[in-house]
Amino acid sequence: RILPVLLGILFLSACATTKSVKIDNSWINGDYTGGPLNKILVVGLGQNPDGVKLWEDTFVQSLSKAGYEVTPAYTVFTKTETTGDEAADLEAAKQKIRDMGFEGVILGKIRDVESGPVVEGGETHQVATPAYYSWYSYYQPQVFTVQDSKTIVNVNRVRVETNIYAVEGEIMVYTAMIDSINASNN
């Protein structure tokens, strides 16, 4: 029930800022029988706190417009809450998520970033003139080599692993790799 809506929102939010979005290697848990996830926590994982906040805010904004109650994780968790014991911190985080009444968690992690110039075009083709059987058919068909024009394009590609979990039972409901590509010839 919620998965088609979330997929649509993932596309719309990504398309708002990029020229091409591709969902790759997606999986939906066919065994999930729980209800819709209306209150959702959005968690971005990464080394750059500003990038994580931007990612979380983008998802929150898109899902909020669709009528979901969504909260970015940076407003729920702070570094001062960590103890240094990874297992204890994870259990404390899970308990806080349950205590705050979240039904679902969207977790995103940037897996790969590529940027830089890419040459597009420049392929070589063989083009033959037709051989007609008429008064001038004694001329052999001509073969020309044609090369397409080359264009240098600046490409920025971000690959994000996105997982959706139901809090009750800690069940993964959906996972996908999302490629977001923004190309310009500036």
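On a predicted model such as this, the values are computed, not experimentally measured, just so you know.
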How close do Arg98 and Val167 get, counting heavy atoms only, and between which atoms?
CG-CG1, 3.7 Å

Is a salt bridge present between Glu161 and Arg111, judged by a nitrogen-to-oxygen distance below 4.0 Å?
yes

Using 4.0 Å as the upper bound for N to carboxylate O, is an ion pair formed by Lys94 and Glu91?
yes

Closest non-hydrogen atom pair between Ala73 and Val43, with its separation
CB-CG2, 3.8 Å

Using the rule that Ile, Leu, Val, Met, Phe, Trp and Tyr join whenever any side-chain heavy atoms are under 4.5 Å apart, tell me whether Val173 and Ile178 fall into a single cluster.
yes

Stepwise, does the side chain to side chain contact (heavy atoms under 4.5 Å, CB included) test hold for Glu103 with Glu168?
CA-CA 7 Å; Glu103 298 167 354; Glu168 186 177 327; over 6 Å; no

Value for CE (Met172) from CG (Asn163), rounded to nearest 0.5 Å, stands at 4.0 Å

Go through the steps to decide whether Ile97 and Val105 satisfy the test side chain to side chain contact (heavy atoms under 4.5 Å, CB included), and finish with yes or no.
CA-CA 9 Å; Ile97 289 169; Val105 175; 4.2 Å; yes

Kindly compute the distance separating OG1 (Thr162) from CH2 (Trp55), expressed to the nearest 0.5 Å.
5.5 Å

Leu41 CG to Phe102 CZ distance, which is reported to the nearest 0.5 Å
4.5 Å

Could you give the distance from CD1 (Ile40) to OG1 (Thr71), rounded to the nearest 0.5 Å?
9.5 Å

Rounded distance (nearest 0.5 Å) linking atom CG of Asp57 with atom OH of Tyr74:
3.5 Å

If you take all heavy atoms of Val52 and Gly46, which pair is closest and at what distance?
CG2-N, 3.7 Å

From Ile106 atom CD1 to Phe59 atom CZ, the distance as rounded to the nearest 0.5 Å:
6.0 Å

Lys96 versus Val76, closest heavy-atom pair with distance:
NZ-O, 2.8 Å

